[in-house]
S.K.: 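Below is a structure I'd like to ask you about.
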Amino acid sequence: MDVYEAVTSRRAVREFTDRHVPREALERVLSTAAWAPSASNLQPWHAYVLTGGRLAGLKKRAGERLAAGDPWDEPEYEMYPPALKSPYRERRSAFGEQRYGSLGIPREDLEARQRAAAANWECFGAPAALFCYIDRDLGPAQWSDVGMYLQTVMLLLRAEGLHSCTQMAWAKYHRTVAEVLAPPDELILFCGMSIGFEDTAVGYTRTGRAPLDETVVFAEPRVQ
C-alpha cells in the first residue's frame, strides 16, 4: 500500500469484527510510529495498548457507568470552543447529520443518538484499543506533535490491513480508564483509538472534505 492509498483509505471505522489483532502487527506499527516528527524530538506521546481481558474489563466498567447514568468526568481539556464559529460549526453539524442520518436516526431523536454514541465505550466491537496520554505540563505545540503521532499510527495500521477510530469520547471517562491503566498523575488522557479489522458487511457513508480552495491558498509570485 503506498502512502496515497493509506491516506485515502483511512477513515473512522465504527463497526469491527472480533478477529484477533496480532501483537506482532501492533508492535511493528508502534515501533515505526516512533519516527513521527516532534519539535526538538520531545516525543510527547504516551501510548497504552489494551486487548483481551483487560480491554473487556474496561468496556464492562464503562458500560456500568453508562447504565447507571453517571455524569461524565470533569474535563481535563477543552474539546471544542464553547462558541464554534463558521465554517467549523457548519462542518461539525454536517458530520452529525450524516453520521446519524446513515443510521436512520432523526435529528430530534436525542435518545437514539445517545444509544448510538454509547458504542464508543464498546470500542465499536474492536478487539484492541490504544489510549494516548500527554504530560499535562506541555503546551499546544506538543499536542500538535501527539496528533502527528496518532496520524502516523493510523496510516501504518492501514499498511497492516487494519482500521481504526480515534475517540476523544474516552476522555469523558478518563477516571475509569485510569482505574485500569494506572497512568502517572502528571498525564492527561487525550483520546482512545479502537483498532481492528473492519466489518465489511456493514455499509457506511464516507464523510466528505472541503474543496481545496476552501482550505488552501497558493501564494503565487506576483506578475511584474
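Worth knowing before you read on, the calculation uses all heavy atoms, side chains too, and leaves out hydrogens, waters and symmetry mates. Model, not experiment: these values are computed from the prediction.
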S.K.: Is a side-chain donor or acceptor of His46 paired with a backbone partner of Phe131 at a separation under 3.5 angstrom?
M.R.: no
S.K.: First locate atom CG of Leu138, then atom CZ of Arg136, and finally report the distance between them rounded to the nearest 0.5 Å.
M.R.: 11.0 Å
S.K.: Do Val21 and Thr51 come within less than 4.5 Å of each other through their side chains, counting heavy atoms only?
M.R.: no
S.K.: Kindly work out whether a path of hydrophobic side-chain contacts (I/L/V/M/F/W/Y, heavy atoms less than 4.5 Å apart) joins Tyr149 to Leu42.
M.R.: no
S.K.: Provide the closest heavy-atom pair for Arg158 versus Ala6 in the form atom of the first, atom of the second, distance.
M.R.: CG-O, 3.9 Å
S.K.: Tyr48 versus Val177: any side-chain heavy-atom pair under 4.5 Å?
M.R.: no
S.K.: Indicate yes or no for a side-chain donor-acceptor contact from Thr152 to the backbone of Met148 under 3.5 Å, with no hydrogens or angles considered.
M.R.: yes
S.K.: Using a cut-off of 6.0 Å, state whether more than 12 heavy atoms not belonging to Trp143 lie near its atom CH2.
M.R.: yes
S.K.: Is the count of non-hydrogen atoms from other residues, nucleotides or ligands lying under 6.0 Å from Arg23 atom CZ greater than 12?
M.R.: no
S.K.: Under 4.5 Å between side-chain heavy atoms, counting indirect links through other Ile/Leu/Val/Met/Phe/Trp/Tyr residues: same cluster for Phe16 and Leu50 or not?
M.R.: no
S.K.: Over all heavy atoms of both residues, which pair between Cys132 and Leu189 is shortest? Give the atoms and the distance, please.
M.R.: O-CD1, 3.6 Å
S.K.: For Glu24, is there an ion pair with Arg28 - N to carboxylate O distance below 4.0 angstrom?
M.R.: no
S.K.: Does Tyr77 have more than 12 heavy atoms from other residues, nucleotides or ligands lying within 6.0 Å of its OH?
M.R.: yes
S.K.: Taking atom CZ of Arg19 as the centre, report whether more than 12 heavy atoms of other residues, nucleotides or ligands fall under 6.0 Å from it.
M.R.: no
S.K.: Distance check, rounded to the nearest 0.5 Å: Glu160 atom CD versus Thr32 atom OG1?
M.R.: 8.5 Å
S.K.: Donor-acceptor check, side chain of Asp137 to backbone of Glu186, threshold 3.5 angstrom: yes or no?
M.R.: no
S.K.: State, to 0.1 Å, how close Thr176 and Ala62 come at their nearest heavy-atom pair, and which atoms those are.
M.R.: CG2-N, 4.1 Å
S.K.: Testing the basics here: between Leu157 and Ser164, what is the closest heavy-atom pair and its distance to 0.1 Å?
M.R.: CD1-CB, 3.8 Å
S.K.: When rounded to the nearest 0.5 angstrom, what distance separates SG in Cys123 from CZ in Arg14?
M.R.: 13.0 Å
S.K.: Could you tell me whether Asp2 atom CG has more than 12 heavy atoms of other residues or ligands within 6.0 Å of it?
M.R.: yes
S.K.: For Glu5 and Ser9, which I'm curious about, is there any donor-acceptor pair between the side chains at under 3.5 Å?
M.R.: no
S.K.: Can you find a heavy atom in the side chain of Trp72 that is under 4.5 Å from one in the side chain of Tyr173?
M.R.: yes
S.K.: Any sub-3.5 Å donor-acceptor pair from Arg92's side-chain atoms to Pro87's backbone N or O?
M.R.: no
S.K.: In this structure, would Leu155 and Ile195 fall into the same cluster of hydrophobic residues linked by side-chain contacts under 4.5 Å?
M.R.: no
S.K.: Would you say Arg89's side chain and Leu84's backbone share a donor-acceptor pair under 3.5 angstrom?
M.R.: yes
S.K.: Leu130 versus Leu150: any side-chain heavy-atom pair under 4.5 Å?
M.R.: yes
S.K.: Are Leu212 and Phe218 packed together at the side-chain level, in the sense that at least one heavy-atom pair is separated by less than 4.5 angstrom?
M.R.: yes
S.K.: Less than 4.5 Å apart, any side-chain heavy atom of Asp145 and any of Ile134?
M.R.: no
S.K.: Mark yes or no for whether Arg209, through its side chain, and Thr207, through its backbone, hold a donor-acceptor pair below 3.5 Å.
M.R.: yes
S.K.: Look up atom SG in Cys165 and atom CD in Glu198, then write down how far apart they are to the nearest 0.5 Å.
M.R.: 11.5 Å
S.K.: Report the residues that fulfil side-chain hydrogen bond (donor to acceptor under 3.5 Å, both in side chains) with Glu122, sequence neighbours left out, ordered by chain and then residue number.
M.R.: none
S.K.: Could you check if a side-chain atom of Ser38 sits within less than 4.5 angstrom of a side-chain atom of Trp45, using non-hydrogen atoms only?
M.R.: yes
S.K.: Identify the two heavy atoms, one from His174 and one from Glu74, that lie closest to each other, and give their separation to 0.1 Å.
M.R.: NE2-O, 2.9 Å
S.K.: Classify the ring geometry between Trp121 and Trp170 as parallel (under 30°), tilted (30 to 60°) or perpendicular (over 60°).
M.R.: perpendicular
S.K.: What heavy-atom pair brings Phe197 and His20 nearest, and what distance separates the two atoms?
M.R.: CE1-O, 3.4 Å
S.K.: Rounded to the nearest 0.5 Å, what separation is found between the CD atom of Gln43 and the CH2 atom of Trp35?
M.R.: 9.0 Å
S.K.: Does any non-hydrogen side-chain atom of Asn120 lie less than 4.5 Å from one of Lys172?
M.R.: no
S.K.: Quick check: is Val153 connected to Leu162 through a chain of hydrophobic side chains (ILVMFWY, heavy atoms under 4.5 Å apart)?
M.R.: yes
S.K.: Taking the side chain from Asp199 and the backbone from Glu15, do they hold a donor-acceptor pair closer than 3.5 Å?
M.R.: no
S.K.: Is it true that a side-chain atom of Gln167 and a backbone atom of Ser194 form a donor plus acceptor pair closer than 3.5 Å?
M.R.: yes
S.K.: To the nearest 0.5 Å, what is the distance between NE2 (His163) and CZ (Arg10)?
M.R.: 10.0 Å
S.K.: Group every Ile, Leu, Val, Met, Phe, Trp and Tyr by side-chain heavy-atom contacts under 4.5 Å, then state whether Phe190 and Val180 land in the same group.
M.R.: no
